[in-house]
2 protein chains.
Amino acid sequence: MSYAEAQLREQAQRVTAGRRAVIRALAHLGGHPTAAQVETAVTELSPGVHRATVYRTLETLATLGVVTHVHMTHGTTAYHLAARTASRAHLHARCRLCGAVVDLPPDLLDDVRERVRAAGGFEVDPAHVALSGTCADCTRLD
Amino acid sequence: MSYAEAQLREQAQRVTAGRRAVIRALAHLGGHPTAAQVETAVTELSPGVHRATVYRTLETLATLGVVTHVHMTHGTTAYHLAARTASRAHLHARCRLCGAVVDLPPDLLDDVRERVRAAGGFEVDPAHVALSGTCADCTRLD
DNA sequence: ATGAGTGCAAAGTGTTTGCAACTAT
DNA sequence: ATAGTTGCAAACACTTTGCACTCAT
């Protein structure tokens, strides 16, 4: 039984074929797939699971904390299974040119967070959005 | 003649009814409207300008540097007329609960940028994405 | 048994396209 | 004159909905 599945049971949530399929697809895909990419993978790996179920399930799993989502530039949302330990959590940056997603240390924005809080009371949630920029490779080619 | 219009002429770009309409709508709206909101405003203020023109024009103006765009959480892109002076540029954060957009000092992420560059060569472009979090009001109500 | 979860199909949303006609330069 | 812009309508990708049915518990 996968860790994600165990998390579901712990929270007294039902473990259904659809949910298993989504979890499996996420594990299989790795990285930071969008909802649409998860949908495609689910359809391949576990035919019969409906599109709508994938979207509903991703949302549910995100609410339950089993999966994490990050908003990317250009309007997409990326999902992945939640980190097993806090130490494995991370922030994201996405290359505006090639689309590559880079992981960043989780404490990178701690100072910024503190400064913004002090300045106006806004609470920044650094993990919720990917920073934008250009990756090393693309910068080199520029 | 508006400043934005002057910028167009400077770059030898045509000043058309559609472009004037988009610039006018942006000036009228202020803040950080999405493309769809600009479309609505254009349709109101300058009927006859087509939806597709608004989207194409926003993209063109963004490329020319006449307007600036910021990617927001939840998949939308917000536009505004480019700041007349560098000192008026700013970063953005969006409240995940009420959607309010807060302006932040332009140098807020300078340190982060430097650290990320040193660590892996990724060039962060802080102005291109809005940070996410909760504004002071919504934090209070939580 | 019972309510949470699902498939289905359909309708959103917001955005983009190919093309012929138009117009700012 | 001639390229760049536009209107149009249609297609587009992605996501969400209402409802009846099914299945995990």
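All chains are named by letter (A, B, ...) in the order of the sequence lines, taking the proteins before the strands, and each is independently numbered beginning at 1.
- Rounding to whole angstrom units, CD of residue B/Glu59 and P of D/dG4 are separated by 16 Å.
- Contact annotation for B/Ala17: no contact, since no heavy-atom pair falls under 4.0 Å across all strands.
- Remark: P of D/dA13 and CE of A/Met72 are 22 Å apart, rounded to the nearest angstrom.
- The CG atom of A/Leu8 sits 10 Å away from the P atom of D/dT25 (whole-angstrom rounding).
- Using a 4.0 Å heavy-atom cutoff across all strands shown, A/Arg20 reaches no nucleic acid atom at all.
- Checked by distance alone, B/Arg56 brings no side-chain donor or acceptor within 3.5 Å of a matching partner on the base of D/dG4.
- Side-chain atoms of A/Thr73 and B/His71 include no donor-acceptor pair closer than 3.5 Å.
- Counting non-hydrogen atoms under 4.0 angstrom, A/Thr76 reaches nothing in the nucleic acid.
- Geometrically, A/Arg117 does not engage A/Phe122 in a cation-pi contact, judged by NZ or CZ lying under 6.0 Å from the ring centre and within 45° of the ring axis.
- Projected onto DNA chain C by closest heavy-atom contact, A/Thr16 and B/Thr77 fall at different nucleotides, the more 5' of which corresponds to A/Thr16.
- As a whole-Å value, the separation of A/Arg51 CZ from D/dC14 P is 11 Å.
- Between the side chains of B/Thr139 and B/Thr134, at least one donor N or O lies within less than 3.5 Å of an accepting N or O.
- In 5' to 3' order, the nucleotides of DNA chain C bounding all contacts with chain B (an atom under 4.0 Å from a heavy atom) are C/dG14 to C/dT25.
- Each of A/Glu39 and B/Thr53 has a nearest nucleotide on DNA chain D; the 5'-most of these lies closest to B/Thr53.
- Rounded to 10 degrees, the angle separating the terminal helix axes of the helix from C/dG12-D/dC14 to C/dT25-D/dA1, each built from five base pairs, is 30°.
- In terms of position on DNA chain D, the residue among B/Ala52 and B/Gln13 whose nearest nucleotide sits closer to the 5' end is B/Gln13.
- Applying the side-chain hydrogen bond (donor to acceptor under 3.5 Å, both in side chains) test between A/Arg9 and each of A/Glu5, A/Gln11, A/Gln7 identifies A/Glu5 as the sole match.
- Taking 4.0 Å as the cut-off between side-chain N and carboxylate O, B/Glu59 and B/Arg56 do not count as a salt-bridged pair.
- Atoms CD (A/Gln37) and P (D/dT15) sit 10 Å apart, rounded to a whole Å.
- Using a 4.0 Å heavy-atom cutoff across all strands shown, A/Thr60 reaches no nucleic acid atom at all.
- For the pair B/His50 NE2 and D/dG7 C1', the interatomic distance rounds to 6 Å; values are reported in whole Å.
- With hydrophobic clusters built from ILVMFWY side chains whose heavy atoms lie under 4.5 angstrom apart, A/Val49 shares a cluster with A/Val22.
- With rounding to the nearest 0.5 angstrom, the CD atom of B/Glu123 is 11.0 Å from the SG atom of A/Cys95.
- Ring orientation note: the planes of A/His32 and A/His80 are nearly perpendicular, at an angle over 60° on the 30°/60° scale.
- Contact between the side-chain N/O atoms of A/Tyr55 and the OP1/OP2 oxygens of D/dT16 is not found at any separation under 4.0 Å.
- Ring geometry for B/Tyr79 against B/His69 counts as tilted: the plane angle lies between 30° and 60°, on a 0 to 90° scale.
- How far CG of A/Leu131 is from CG of B/Leu131: 7.0 Å, rounded to the nearest 0.5 Å.
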